[in-house]
A.B. asks: 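Take this structure, written in structure tokens, and hold onto it; I'll ask about it next.
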Amino acid sequence: MLAFDRPQASGKCLWVNLANAEPDGAPSLRLTTRNQPFGYDAEGTKLRIRERRAARTLYEERDARGDDLGSIFDHRLFDREIERGAWPPSPHLADSAKGSAYVPMNEVMNCFKVYGSDRLGFKEAVTALVGREARQVNGEVVRSLNTALERFAAAEVALLLVDLETAQGDGSDLLLRLFERVGAGGTALSESERLYSIYKHHFPRVRDLVEAIEVSSGRIMTSTLIANTALRIANVSSSEAHEAPVPHALGALLNPRRSDDRAGRFRHALFDLLPTEGCGNISTSPTTGRLTAAFARVIGLLRFEPAQNPEGLPKLMLAELPHELVQVMVYWAVCADAPGRVASRFEAAEVIRFALFWRLCATSHLQCARNAIHWLRARKKAGADLSIFPGLALYRLLTGQAEGSWGQNARLLVPPNQMLDFNWAAPRGATWLSSKNRFEHDQTHPARRLFHAWWWSGGQMLLWLQRRYLEAEFAHYDPLSEHDDDRPIDLDHLQPKAHWRFDWRQRDQHLAQLPDVGERWAFNEGRDPLGNSVGNYRWVGSAKNRSDGALGLADKLRRARGDDGGEIEPWLAEAFDPGAIDAWIMADASKGWTGERVAQFQRVVEERGLWLYRRFFEGAGFELWLDEPTGA
């Protein structure tokens, strides 16, 4: 259907390659959108960051007409060209790939409308669209495309409207199966998408309510997941379930002709969360539903504000919270039932602390959510006061320390000194530690599991540690919008990856001063665990990262410190111990690796990783959880 639509109307553009067809003879099609202006890869998935950047560079070189595009996000490029009366940016590599001549499909359709079965006229018209690449147009591909369009124009499509409310017994299951099969003919629907579709069928107005929450909450969740949250909370509140209803049961629960207690309780709980038309005395205003108030309360407690909530999560981190965590917090807010309540700094700190714990320590988001929701429902039924978020109790529950816990669904937090002990107890050799020696040398140590998680995943916690820099430097950017692919920051390696993750066939060039075969083998085994650890990472603006280019470690840190007469770079204050910079400069491998540089790099990476953990642990106030007596 995109072939008939204009890009300016749909925000999408379907392209067809007039030079080559697919191996099976079908037309080679590519899709670009406002959010993905350079399209998708051959598998239909989003381009990697480096591919998007390569496409952006090519676009600027070929199509930008010398304009300064430094301040324009990718998602503006699509509309920018259309506003000029031009085509949207070409699909990734379409301009440079040999044997490609992509043109918008709606332009081809316009040619077909004019020439129809006049094949010569059609060929000349579509060839003219290609312009400078006309020599690449394949006549056989154009004839095949013309034939396909003729068949399409002559085809008849039968449409049958089925009213699910009239379906009885097994018929509804068969219709659901048909719905799933039809959906899978394009893009297979997830269970959440199927639930939302059924929900909208019975209550069309729910779409407006859900989208209102999506906007007011800063798009921390998609509309599909917000609807799934409502269905899950309603199901939990009206039964002993822990999840949303399964698709084949939801239609029956929402059917107004079903009057049993189970369906009645479910619909009443759901209407209380998302008031919809035809719900008796319940208001139809999207601002009065309890789900709206619950989302507003959770976002208010989590979001960073320089004065009111300085320990909050930056927008770039909020956008990446697991939806299961958000559902647990929203369910708590519904149980607390305190709309308009002004939260204290202590309450906000407890919510933030729990979110950081979950983000780092949860081993199964699914199991953590089930366990937490079960506990919250039991406390609600027992009449417990849930007005203050029970972060400590949930921490003990998820780590298997509380009575009635469903096992250990998350790693235990440990104080910084235990992380330090575990790190320095590893057996040391002449060069870098292997993964086995680094993480498995003491299977019984209480810090082992958390040390592993921090080492590999602590880079995401750097978003929180660098929150003031990120919020100040990118105040104009909203990652919670639909333009999340224009992320303006990079997770950058301090010691450039090219200096330690080089092609092993080039080892003689990089390790000329490290001739011992055993040391080289240990270098190879240990380079990924060391180079990709939290201790070698920083978050920095993409433009800044590009300007640093191929700078070595020493030059990068000297520039950041202002040694060249410039200002101290703001990322440094939150992500680096200023007293360690000179030690890092000594580990610079721009001129190759020596035994001293190998040992120095391992030492500074380990020390910075432990320093960052201490700042994380103390900044979040986790000592309050670990110092509390077990019976508290």
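Quantities reported herein were computed from a predicted structural model and do not represent experimental measurements.
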A.B. asks: My understanding is that only one of Q495, H493, H499 makes a side-chain contact (heavy atoms from CB on, under 4.5 Å) with L553; could you say which?
C.D. replies: Q495
A.B. asks: As an exercise, state the distance from OG of S190 to CG of L225, rounded to the nearest 0.5 Å.
C.D. replies: 7.5 Å
A.B. asks: Would a distance-only check, ignoring hydrogens and angles, find a side-chain to backbone donor-acceptor pair under 3.5 Å from W454 to G609?
C.D. replies: yes
A.B. asks: Determine, stepwise, if the pair L18 / L145 fulfils side chain to side chain contact (heavy atoms under 4.5 Å, CB included).
C.D. replies: CA-CA 9 Å; L18 300 181; L145 182 61; 4.0 Å; yes
A.B. asks: What are the two closest non-hydrogen atoms of F38 and A55, and how far apart are they?
C.D. replies: CG-CB, 3.5 Å
A.B. asks: If you look at every heavy atom in L356 and M461, which pair is closest and at what distance?
C.D. replies: O-SD, 4.2 Å
A.B. asks: Is it true that R34 and D79 have a side-chain N and a carboxylate O under 4.0 angstrom from each other?
C.D. replies: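 Salt bridge present between R34 and D79.
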A.B. asks: With no hydrogens and no angle check, is any side-chain donor or acceptor of S547 less than 3.5 Å from a backbone partner on K544?
C.D. replies: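 It does hold such a pair.
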A.B. asks: Between R507 and W504 (side chain of the first, backbone of the second, donor and acceptor by atom type, cut-off under 3.5 Å), is there such a pair?
C.D. replies: yes
A.B. asks: What I want to find out is whether K497 reaches D490 closely enough, with some N-O distance under 4.0 Å, to be called a salt bridge.
C.D. replies: no
A.B. asks: Does any part of the side chain of S28, heavy atoms only, come nearer than 4.5 Å to the side chain of N20, both counted from C-beta?
C.D. replies: no
A.B. asks: Classify the side-chain pair T229/Q327 by whether it contains a donor and acceptor separated by less than 3.5 Å.
C.D. replies: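 Per modelled atom types, T229 and Q327 side chains form a pair under 3.5 Å.
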A.B. asks: Provide the closest heavy-atom pair for I226 versus M221 in the form atom of the first, atom of the second, distance.
C.D. replies: CG1-CB, 3.7 Å
A.B. asks: Step by step, would you call F112 with E150 a side chain to side chain contact (heavy atoms under 4.5 Å, CB included)?
C.D. replies: CA-CA 9 Å; F112 180 73; E150 288 177 349; 3.8 Å; yes
A.B. asks: Any donor-acceptor pair under 3.5 Å linking the side chain of K123 with the backbone of G139?
C.D. replies: no
A.B. asks: I'd like to know whether L470 forms a side chain to side chain contact (heavy atoms under 4.5 Å, CB included) with K315, so could you lay out the CA-CA distance, the side-chain angles of the two residues, the decisive distance to 0.1 Å, and finally the verdict.
C.D. replies: CA-CA 9 Å; L470 296 175; K315 291 178 289 187; over 6 Å; no
A.B. asks: Starting at CG of N228, measure out to OH of Y199 and round the result to the nearest 0.5 Å.
C.D. replies: 11.0 Å
A.B. asks: Using modelled atom types and a 3.5 Å cut-off, is there a donor and acceptor pairing between side-chain atoms of R559 and backbone atoms of E569?
C.D. replies: no
A.B. asks: Under 6.0 Å between ring centres, would you say that holds for F601 and W500?
C.D. replies: no
A.B. asks: Start with the C-alpha gap between V540 and D548, add the side-chain angles, then the distance that decides, and say whether side chain to side chain contact (heavy atoms under 4.5 Å, CB included) holds.
C.D. replies: CA-CA 11 Å; V540 69; D548 282 351; 5.6 Å; no
A.B. asks: Treating E191 as the side-chain partner and V246 as the backbone partner, does any N or O pair qualify as donor plus acceptor under 3.5 Å?
C.D. replies: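 Checking the backbone N and O of V246 against the side chain of E191, no donor-acceptor pair under 3.5 Å is found.
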A.B. asks: Check A355 against L302 and note the closest heavy-atom contact, atom names and distance.
C.D. replies: CB-CD2, 3.9 Å
A.B. asks: So, using side chain to side chain contact (heavy atoms under 4.5 Å, CB included) as the criterion, who are the partners of S457 when residues are at least two apart?
C.D. replies: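 So S457 forms no side chain to side chain contact (heavy atoms under 4.5 Å, CB included) with any residue.
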A.B. asks: Does some side-chain heavy atom of R538 sit less than 4.5 Å from a side-chain heavy atom of L494?
C.D. replies: yes
A.B. asks: At their closest point, which heavy atom of W571 faces which heavy atom of L557, and how far apart are they?
C.D. replies: CH2-CD2, 4.2 Å
A.B. asks: On the six-membered ring of F502, is R527 placed so that its NZ or CZ lies under 6.0 angstrom from the centre and within 45° of the ring axis?
C.D. replies: yes
A.B. asks: Main chain of E193, side chain of S197: is a donor-acceptor contact present, judged purely on distance under 3.5 Å?
C.D. replies: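 Looks like yes, one N/O pair under 3.5 Å.
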A.B. asks: Whether R143 and E140 form a salt bridge (side-chain N of Lys/Arg under 4.0 Å from carboxylate O of Asp/Glu) is what I want to check.
C.D. replies: yes
A.B. asks: Report yes or no: does R467 contribute a side-chain atom to a donor-acceptor pair with the main-chain N or O of W464 at less than 3.5 Å?
C.D. replies: yes
A.B. asks: Please check this pair: side chain of W455 against backbone of P529, looking for a donor-acceptor N/O pair closer than 3.5 Å.
C.D. replies: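 Yes; at least one donor-acceptor contact below 3.5 Å.
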A.B. asks: Between S542 and P488, is there a donor-acceptor pair closer than 3.5 Å when you use the side chain of the first and the backbone of the second?
C.D. replies: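 Pair found, side chain donor or acceptor close to backbone of P488.
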